[in-house]
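Below: the structure, in structure tokens.
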Amino acid sequence: MQTQTSNTRNIEKEIIEFIAERLDVKPDTIARSTIFGDLKADSLDRHEIIMAIEEQYSIDFDKFEYKKDTNIGHFIDHVKLNYVDLGENK
């Protein structure tokens with residue numbers, strides 16, 4: 001379990017909002033248990049989302065076992081486990 005500090009980003013909210021915008025759905029329709037397939041995300045959508053998230057959070061999804069039935073929660077957890085927040089003092 002990760003401890004959040006006051007300057008820790010709300011990664012879960014950021015990712016959900018990004019996915020919602022990318023797939024043109026309302027953020028409140030996306031939960032941790034939502035599966036990408038439920039959002040009508042095709043393989044190109046999923047690939048573009050992963051590439052954008054990798055760039056945004058400076059992480060790598062190479063070892064993440066991603067499948068069509070991967071839920072948003074697993075995706076978010078992978079980002080949280082691999083993202084190091086350097087704060088404003090980079």
To the nearest 0.5 angstrom, please state how far the CD1 atom of I35 sits from the CZ atom of F75. 14.5 Å

Heavy atoms of A20 and K26 approach each other most closely as CB-C, 4.1 Å

How far does CD1 of I30 sit from CD1 of I19, to the nearest 0.5 angstrom? 6.0 Å

For D77, the salt bridge (charged side-chain N to carboxylate O under 4.0 Å, His left out) test, sequence neighbours excluded, returns R32

Set of side chain to side chain contact (heavy atoms under 4.5 Å, CB included) partners for A31, sequence neighbours left out: S33, T34

Can you confirm whether more than 12 heavy atoms, excluding those of D24, are under 6.0 Å from its CG atom? no

In the structure I gave you, are the side-chain heavy atoms of Y57 and E14 within less than 4.5 Å of one another anywhere? yes

Within a strict 4.5 Å, meaning less than it, do heavy atoms of the H47 and I50 side chains meet? no

Taking E54 for the side chain and F61 for the main chain, is one N or O donor matched with an acceptor at less than 3.5 Å? yes

Distance from I15 atom CD1 to N10 atom CG, nearest 0.5 Å? 9.5 Å

Does the side chain of I16 come within less than 4.5 Å of I76's, by heavy atoms? yes

Rounded to the nearest 0.5 Å, the NE2 atom of H78 sits from the NE2 atom of H74 at a distance of 12.5 Å

For residues 34-45, which residue pairs qualify under salt bridge (charged side-chain N to carboxylate O under 4.0 Å, His left out), counting only residues two or more places apart or in two chains? none

Let me confirm one number: the CD1-CD distance from I49 to Q56, rounded to the nearest 0.5 Å. 13.5 Å

